[in-house]
Number of protein chains: 2
Amino acid sequence: MAVFSSLTPVFVAVLCVVIGFLFKKSQRRQTRSKQERSDQTAKPWVDEDLQDDTEISSKHSEEDDDDWLDTTEEENLAHIPYTPAQYSATEMLERSEKFYSLMNLRRSVRFISPEPVPKEVIDNVIRTAGTAPSGAHTEPWTFVVVSDADVKHKIREIIEEEEEINYKQRMGDKWVQDLKKLRTNWVKEYLDVAPYLILVFKQTYGILPSGKKKTHYYNEISVSISCGILLAALQNVGLVTVTTTPLNCGPQLRSLLQRPANEKLLMLLPVGYPASDAKVPDLKRKDLNEIMVTV
Amino acid sequence: MAVFSSLTPVFVAVLCVVIGFLFKKSQRRQTRSKQERSDQTAKPWVDEDLQDDTEISSKHSEEDDDDWLDTTEEENLAHIPYTPAQYSATEMLERSEKFYSLMNLRRSVRFISPEPVPKEVIDNVIRTAGTAPSGAHTEPWTFVVVSDADVKHKIREIIEEEEEINYKQRMGDKWVQDLKKLRTNWVKEYLDVAPYLILVFKQTYGILPSGKKKTHYYNEISVSISCGILLAALQNVGLVTVTTTPLNCGPQLRSLLQRPANEKLLMLLPVGYPASDAKVPDLKRKDLNEIMVTV
């Protein structure tokens with residue numbers, strides 16, 4: 001009180017505004033860092049790169065709104081009759097059983113043979129993945145097929161370094177326990193050994209010949225669907241893989257492979273024949289009545 | 001100045017704090033509503049339900065951390081040899097070409113015949129989707145197969161009502177333009193006509209017999225991969241579908257179909273034979289060199 005009465009009212013008013021401003025600023029910083037922390041602890045399995053991506057793309061559409069292309073010129077696309085082959089009920093049942101049996105033999109395999117695989121087969125498998133549907137037919141995928149031994153080894157170094165940190169720090173005990181039964185850890189020999197590594201990038205937006213940006217609706221879901229078809233195509237030719245999502249390696253691998261800024265790594269699939277001593281965990285799949293509900 | 005000098009310094013100080021507090025509060029409200037708005041305008045194609053989901057699950061893992069199951073009991077799963085069929089290089093090439101040709105004939109079809117389809121075929125197609133890999137083998141999918149005419153019609157009503165709002169308000173001119181070339185709008189006759197609607201739910205977490213929760217790592221990517229295999233299985237038997245992601249209908253459809261809180265609608269696929277007068281837009285797919293990079 002003694003202090004206050006010795007000050008002029010105007011000075012007190014200014015002081016209050018300054019104190020109030022500083023207080024508000026520190027509050028805001030606290031809120032932000034709390035938010036960041038809670039985001040990270042809440043979903044440790046979400047790749048930091050994937051998190052970044054969301055921010056980047058929302059920034060784009062806010063700031064560069066006029067940059068997004070208007071595709072009115074395509075609206076008058078011709079529509080053509082579609083009359084695909086039709087099978088009898090018996091044939092359908094047979095085909096559905098055969099395809100199920102084939103796909104049901106697929107397993108995620110971490111022991112891959114170094115034996116070379118014809119590149120033409122890989123080409124056809126990628127072509128097949130490219131037949132997937134995508135939001136507004138944007139085809140937002142890039143498949144980088146690596147067979148060069150040096151590049152494969154660099155990929156392995158990047159991934160093992162990050163994966164060791166993931167296992168020891170980022171993932172938490174429960175996740176590591178959940179993976180223990182699959183005997184996975186951060187040593188990924190298959191990255192050197194497999195004749196091909198397929199790195200699947202999602203294009204978070206497209207770039208048109210004019211340099212303008214094009215929205216890629218549902219790009220992550222579209223690329224994942226495409227990977228499903230890729231897995232089916234690999235299984236169909238007797239090749240094996242394991243579906244991996246290298247946590248936090250995206251930016252380094254993108255830079256190593258010189259991919260543009262609109263591409264984010266979604267999955268990495270080492271591909272080859274299974275090693276002769278390949279083993280898989282004795283997992284069972286859920287029964288039909290556990291995954292299907294009929295209404 | 002005249003006003004200030006007639007007040008006591010203490011009163012001015014209190015007044016400043018009150019004004020500062022009110023100012024801060026209104027600022028915060030502004031920031032929040034700006035944030036909400038920017039989230040919505042930034043990614044209008046992200047389903048509100050999917051957005052909710054993220055918040056719900058991050059809340060769960062923060063607050064109910066001890067509830068998540070520790071699966072140590074499964075860690076000693078046996079590992080068994082894996083020796084699948086291997087094909088000669090010639091056979092592989094032939095198989096890869098044949099499968100590519102078959103998948104390349106797949107198109108998203110919005111004109112579906114009401115002709116009945118054997119349920120056993122649908123069962124096998126769902127079984128096949130269930131062979132997909134999933135994060136830590138959590139199999140986080142539920143396929144709800146609807147053939148009941150009343151339920152199909154209720155689904156249509158829910159979707160058409162929301163889709164009309166999506167097209168007129170939520171999606172924005174550019175997206176609607178992007179879809180114009182595909183001649184899609186909010187009238188979805190196929191929801192009544194198709195013999196089956198497959199609603200694909202992702203389980204954002206699992207529930208164990210003990211009632212405890214189980215983390216479902218990468219559940220959206222896993223379920224999307226499974227949908228890719230589902231599309232391949234449908235194409236293999238000569239059935240058609242269109243991959244749809246009904247925006248903002250998730251909660252209503254979940255409630256209609258009485259699915260539990262951990263399940264979120266990811267996709268809806270109307271399934272049947274193509275209508276005899278089915279048409280598709282004359283789209284081209286990208287060439288191999290546009291989607292594949294070899295290193």
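Labels below follow one simple rule: chain letters A, B, ... track the order of the sequence lines, proteins then strands, and each chain is numbered from 1.
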Residue part contacting chain B, namely of [X], when any heavy atom lies under 4.5 Å:
X: A:Thr142; answer: both
X: A:Val109; answer: side chain
X: A:Ala85; answer: backbone
X: A:Leu102; answer: side chain
X: A:Val240; answer: side chain

Interface residue of largest heavy-atom contact number with chain B, from [options], under 4.5 Å:
options: A:Ser147, A:Cys227, A:Pro118; answer: A:Ser147
options: A:Val121, A:Val280, A:Val151; answer: A:Val280
options: A:Pro133, A:Pro81, A:Ser276, A:Ser222; answer: A:Pro133
options: A:Leu234, A:Asn104, A:Thr83, A:Asn236; answer: A:Asn236
options: A:Leu231, A:Val144, A:Asp277; answer: A:Val144
options: A:Phe111, A:Phe201, A:Tyr100; answer: A:Tyr100

*Winner by heavy-atom pair count (cut-off under 4.5 Å) against chain A, out of B:Ile122, B:Val117, B:Thr138, B:Ile225*: B:Ile225

_side chain to side chain contact (heavy atoms under 4.5 Å, CB included) between A:Met92 and B:Leu239, worked out_ = CA-CA 9 Å; A:Met92 284 174 86; B:Leu239 293 173; 3.6 Å; yes

Provide the closest heavy-atom pair for [X] versus [Y] in the form atom of the first, atom of the second, distance.
X: A:Ile221; Y: B:Ser224; answer: CG2-OG, 3.7 Å
X: B:Val237; Y: A:Tyr87; answer: O-CD1, 3.3 Å
X: A:Pro281; Y: B:Leu77; answer: CB-CD2, 4.0 Å

*Donor-acceptor contact below 3.5 Å, side chain B:Gln86 vs main chain A:Tyr273*: no

_For A:Arg285, is there any backbone N or O sitting under 3.5 Å from a side-chain donor or acceptor partner on B:His137?_
no

*Quick one: which residue pairs count as a salt bridge (charged side-chain N to carboxylate O under 4.0 Å, His left out) with a foot in residues 115-134 of chain B, not counting sequence neighbours?*
B:Lys119-B:Asp123

*Please tell me if the side chains of A:Tyr218 and B:Met267 come closer than 4.5 Å, counting only heavy atoms from C-beta onward.*
no

*Can you find a pair of side-chain heavy atoms, one from A:Phe99 and one from B:Val125, that are under 4.5 Å apart?*
no

*Non-neighbouring partners of A:Leu105 that pass side chain to side chain contact (heavy atoms under 4.5 Å, CB included), sequence neighbours left out*: A:Gln235

At what distance, to the nearest 0.5 angstrom, does [atom1] of [X] lie from [atom2] of [Y]?
X: B:Arg106; Y: A:Tyr82; atom1: CZ; atom2: OH; result: 8.0 Å
X: A:Ile80; Y: B:Leu283; atom1: CD1; atom2: CG; result: 8.5 Å
X: B:Leu288; Y: A:Asn124; atom1: CG; atom2: CG; result: 8.5 Å
X: A:Ile291; Y: B:Ser226; atom1: CD1; atom2: OG; result: 7.0 Å

_Need one label for B:Thr243: side chain, backbone, both or neither, based on atoms under 4.5 Å from any heavy atom in chain A._
side chain

*Would B:Val293 and A:Val145 satisfy side chain to side chain contact (heavy atoms under 4.5 Å, CB included), going step by step from the backbone distance to the final call?*
CA-CA 6 Å; B:Val293 176; A:Val145 178; over 6 Å; no

*Got a sec: does the NZ of B:Lys286 have more than 12 other heavy atoms crowding it under 6.0 Å?*
yes

